[in-house]
Amino acid sequence: MMIGQALDRVDGPAKVAGQATYAYEHWDDGQPLYGFVVGATIGAGRITRIDTARAEHAPGVHMVMTHHDTPAQGAPDLSIPFEYWRAFPVLSSPDVRHYGEPVALVVAATFEQARAAAPLVDIEYAGEAGSYDFAACRHQAYAPDSLIYGMITTDTAVGDFEAGFDTAPVRLDERYTTPYEFSQPMEPHACLVVPHGEDLIVHVSSQIVDAARASIASTLQIDPERIHIVAPYVGGGFGSKLRIHHETILAVFAARALNRPVKVALTRQQIFHLTGVRPTSSQRVRLGAERDGRLVAIAHEVTMHTNRHEEFIEPTATTTRSLYAAPHRLTRHRLVPLDLPRGEDVRAPGEAPGLLAVESAMDELAHALEMDPVELRIRNEPELDPERGVPFSDRHLVDCLRDGARRFGWERRPARPASLREGQWLVGYGMAAAIRGHLQAPTKVAVRLEVDGTAVVRSDMTDIGTGTYTILTQVAADGLGLPPDRVRVELGRSEFPVSMGSGGSWGATNSSTAVHRACEALREKLLATASNDARSVLHGLDPAGAAFADGGVRIGGASETLSEIVARNHPDGVEAEGETLAMADDPNYQDYALHSYGAHFAEVGVDADTAEIRLRRMLGVFSVGRVLNAKTARSQLIGGMIWGVGAALEEEGALDLRSGGFVNRDLAQYLVPVHADIPEVDVVALDGFDDKANALGAKGLGELGICGAGAAVANAVFNATGVRVRDFPITLEKVLPGLPPMDD
């Protein structure tokens with residue numbers, strides 16, 4: 001059985017040898033030209049004059065493109081539920097809608113020449129008084145008319161929350177704020193466009209190949225068949241590459257205009273303004289409980305920023321709908337229009353900031369009740385989905401809580417905050433629950449068996465560093481009884497069967513299930529071929545007892561290699577397709593609530609004099625159904641947990657309220673965890689199989705690791721110090737004033 005094994009990454013050797021070619025690294029079509037984006041230096045207003053003469057005469061410059069030069073572009077079709085497939089017009093008018101928005105593209109023979117010429121573009125603006133201050137504009141919040149992602153309601157109500165909350169013996173009413181956050185993948189957003197007659201070869205760093213193709217075609221208003229996307233390797237995405245951005249469309253325009261290959265890559269600083277940002281949020285959480293801890297009322301009301309021209313709703317309160325039992329419930333999402341970069345998906349969109357608030361509030365409730373936080377959560381475990389009233393497909397949250405508490409040594413947690421000291425350090429324990437919806441989307445995969453007995457798996461699915469090549473190799477090897485080295489996986493080309501790509505923690509299960517079904521169909525073809533072939537030793541035998549192993553098929557005492565069957569009957573090879581359906585077409589998504597679960601435990605030390613916070617150890621216990629690869633799953637979960645540490649303690653986009661520009665727009669000032677910040681992190685995945693999720697019993701886990709992780713760290717800081725910080729991230733100046741005095 002190959003599925004579940006800790007197989008090394010099959011793409012590992014190519015990556016460490018520098019043979020994995022990313023979007024910006026292709027040289028197959030000769031020397032390209034290089035584009036450099038010129039960004040607006042105001043946050044709102046319009047261009048009144050733009051003079052490109054000096055830049056055009058700079059060494060090596062081939063063209064300078066402005067809104068005067070771009071072709072007619074399609075407008076975004078708002079009827080398309082997922083914005084990733086919509087048109088993405090760029091340089092379409094003189095209007096400036098946020099700081100850093102592209103106002104010109106300089107194309108030159110070298111990157112250095114393009115960058116040097118960029119400041120020579122002379123631009124005059126008519127600036128306007130933009131709205132940049134979220135807190136000052138919160139009174140402008142409005143209820144959006146649209147659904148979240150075109151399918152999730154923004155507000156829900158069950159029972160009578162206000163009445164239930166008002167009569168609850170114990171009440172908590174607190175507001176939590178989360179900052180602007182960024183994806184910042186290791187590989188910058190980059191694109192190489194090569195014109196071939198009327199066609200365009202687009203090497204782009206994209207999480208969803210089909211979305212990239214559709215968006216480019218819609219923007220250009222041409223047949224999608226003219227666009228050929230190539231994205232075999234993507235160096236991280238975390239949501240920021242679910243859709244294409246300015247660099248791709250600008251490279252397309254320049255390549256078509258010059259009839260030359262053109263490369264455009266965003267600098268690290270440009271990524272902060274030219275890709276989406278996790279919206280800042282203000283979250284009001286109200287919990288009403290009996291004195292035994294059982295919730296009678298729960299409300300989660302979220303207000304977040306949105307660009308005033310391009311609405312984005314992060315589903316921050318949606319997870320609260322399925323997490324804990326309570327008869328009276330309320331969730332809401334409201335938007336504050338600002339002149340800032342648009343909101344977009346950042347890893348674990350919704351769950352990451354939402355659980356940071358809700359799981360902090362649950363810890364506060366446990367403290368108010370003088371109850372163990374683990375016990376409080378167990379007492380509020382629902383039997384059915386609290387809002388939909390349907391059974392859970394496979395829910396083991398309580399198992400995660402209990403197993404994690406045992407493994408972590410939770411019984412040693414000090415019940416009284418700021419009571420455990422080790423020399424200069426105040427020591428605290430914290431925990432939080434994790435939940436993330438398991439999603440499914442239409443995905444197709446083709447599996448082909450060649451004459452030599454090797455299998456080729458093809459899909460436009462992407463590998464964004466998560467291990468897709470490896471798990472699809474395992475599933476195909478398992479399905480056809482082949483060793484892994486007899487399977488070749490080819491991904492990331494628009495000519496391959498269409499998938500939903502990598503994102504939303506759906507990529508692994510969607511593509512693996514499709515491979516599994518393709519292998520089932522291929523086995524049926526091979527058995528039908530052999531049983532009807534008088535030359536085969538399997539001729540006339542009952543295929544019901546067939547077993548595929550070691551590169552062959554056996555029925556009873558008779559066996560034959562797959563290569564022999566294919567060579568005799570399918571000299572050009574034999575192929576089958578498998579697919580997964582959309583959630584709306586799968587009855588399990590109507591009949592059950594499908595989620596992945598987990599529990600986080602953290603220990604921190606806080607310096608009693610300086611308030612320096614240090615993570616000392618962390619444990620996550622997760623229920624994700626069947627694990628497809630033990631090694632890559634562990635890496636994904638640990639990575640998510642570390643991201644949660646960053647959300648709790650470090651990450652924050654600092655905004656200049658005069659211009660709407662982010663001032664800490666590099667990785668020296670926008671802090672993320674580094675090796676020195678992260679000590680021992682352990683992960684346990686419980687054995688499981690969710691037969692309602694898919695035929696493999698597997699559920700998404702890539703983003704589950706971040707869900708609740710930050711709250712566990714925040715709760716540990718409170719346990720260590722007695723200081724509750726509700727304005728994230730938790731930094732020295734927020735903790736220091738409340739530290740208890742040290743005993744002499």
Side-chain angles (χ1 to χ4, degrees), residues 1-12 440 443-450 452-459 461 463 466-491 497 499 506-528 530 543-555 559-563 565-566 573-580 624-636 685 687-691 693-702:
M1 176 69 70
M2 281 302 306
I3 297 177
Q5 297 300 311
L7 184 69
D8 290 340
R9 289 178 183 247
V10 298
D11 54 327
Q440 181 175 296
T443 294
K444 290 185 178 181
V445 173
V447 178
R448 182 177 186 81
L449 198 62
E450 304 287 9
D452 63 359
T454 60
V456 180
V457 178
R458 284 182 175 148
S459 174
M461 172 67 182
D463 189 324
T466 51
T468 307
Y469 282 104
T470 306
I471 60 171
L472 297 192
T473 296
Q474 290 176 261
V475 174
D478 195 76
L480 295 175
L482 295 172
D485 60 4
R486 301 293 289 169
V487 177
R488 185 173 77 253
V489 177
E490 299 178 359
L491 301 174
S499 75
W506 61 58
T509 54
N510 282 342
S511 54
S512 294
T513 301
V515 169
H516 173 77
R517 290 175 176 162
C519 289
E520 283 184 330
L522 195 53
R523 291 199 306 269
E524 290 178 5
K525 284 187 177 183
L526 292 167
L527 288 172
F548 286 74
D550 301 321
V553 57
R554 176 180 296 276
I555 302 178
S559 65
E560 190 169 26
T561 66
L562 301 184
S563 58
I565 298 172
V566 175
V574 58
E575 183 173 299
E577 267 198 0
E579 65 178 315
T580 60
V624 294
R626 187 185 192 184
V627 171
L628 298 173
N629 181 300
K631 183 177 292 187
T632 58
R634 176 180 173 82
S635 295
Q636 283 290 288
D687 290 336
F689 190 99
D690 190 338
D691 63 349
N694 46 60
L696 294 175
K699 291 188 284 193
L701 59 79

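This one's a predicted model, so the numbers in the text were calculated from it and none came from an experiment.
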Shortest non-hydrogen separation from [X] to [Y] and the atoms involved:
| X | Y | answer |
| --- | --- | --- |
| S459 | V445 | CB-CG2, 3.8 Å |
| A693 | A698 | CB-O, 3.6 Å |
| L522 | V574 | CD1-O, 3.7 Å |
| R9 | T470 | CA-OG1, 3.1 Å |
| R626 | M1 | NH2-SD, 3.4 Å |
| A685 | V627 | CB-CG2, 4.0 Å |

Next item on the list: Go through the steps for L482 and F548 under the test side chain to side chain contact (heavy atoms under 4.5 Å, CB included), then give the verdict.
Entry: CA-CA 8 Å; L482 295 172; F548 286 74; over 6 Å; no

Item checked: T466 side chain near T632 side chain, heavy-atom distance below 4.5 Å -> no

Note to self: With heavy-atom distances below 4.5 Å as the criterion, would you say the side chains of V487 and L480 are in contact?
What the structure shows: no

The criterion is side chain to side chain donor-acceptor pair (under 3.5 Å); which residues satisfy it with [X], sequence neighbours excluded?
| X | answer |
| --- | --- |
| D463 | none |
| D452 | T454 |
| S499 | D460 |

Straight-line distance of [X] [atom1] to [Y] [atom2], nearest 0.5 Å:
| X | Y | atom1 | atom2 | result |
| --- | --- | --- | --- | --- |
| E560 | I555 | CD | CD1 | 9.5 Å |
| L696 | R517 | CG | CZ | 8.5 Å |
| L562 | R523 | CG | CZ | 11.0 Å |
| S563 | L449 | OG | CG | 8.5 Å |

[X] side chain to [Y] backbone, donor-acceptor under 3.5 Å:
| X | Y | result |
| --- | --- | --- |
| R554 | A547 | no |
| Q474 | N629 | no |
| E575 | V447 | no |

Item checked: side chain to side chain donor-acceptor pair (under 3.5 Å), paired with K699, selected from T509, D690, N694 -> D690

Checklist line | All pairs passing salt bridge (Lys or Arg N to Asp or Glu O under 4.0 Å) where residues 477-490 contributes a residue, at least two apart | finding: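 Only R458-E490, R488-E490 qualify under salt bridge (Lys or Arg N to Asp or Glu O under 4.0 Å).
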
Margin query: Going by the rule salt bridge (Lys or Arg N to Asp or Glu O under 4.0 Å), which residues pair with D8 if we only count those two or more places apart in sequence or in a different chain?
Written below: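 Partners of D8 under the salt bridge (Lys or Arg N to Asp or Glu O under 4.0 Å) test: K631.
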
Next item on the list: Sequence neighbours left out, what passes salt bridge (Lys or Arg N to Asp or Glu O under 4.0 Å) with E450? Give chain and number order.
Entry: R448

Item checked: Passing candidate, side-chain contact (heavy atoms from CB on, under 4.5 Å) with V515, options V489, V475, T443, T473 -> V475

Note to self: Working note: L472 + S512, criterion side chain to side chain contact (heavy atoms under 4.5 Å, CB included); need CA distance, chi angles, decisive distance, verdict.
What the structure shows: CA-CA 6 Å; L472 297 192; S512 294; 3.6 Å; yes

Notebook entry, point to check: Is there a side chain to side chain donor-acceptor pair (under 3.5 Å) between N510 and Q440 once you walk through the steps?
Noted result: CA-CA 6 Å; N510 282 342; Q440 181 175 296; 5.7 Å; no

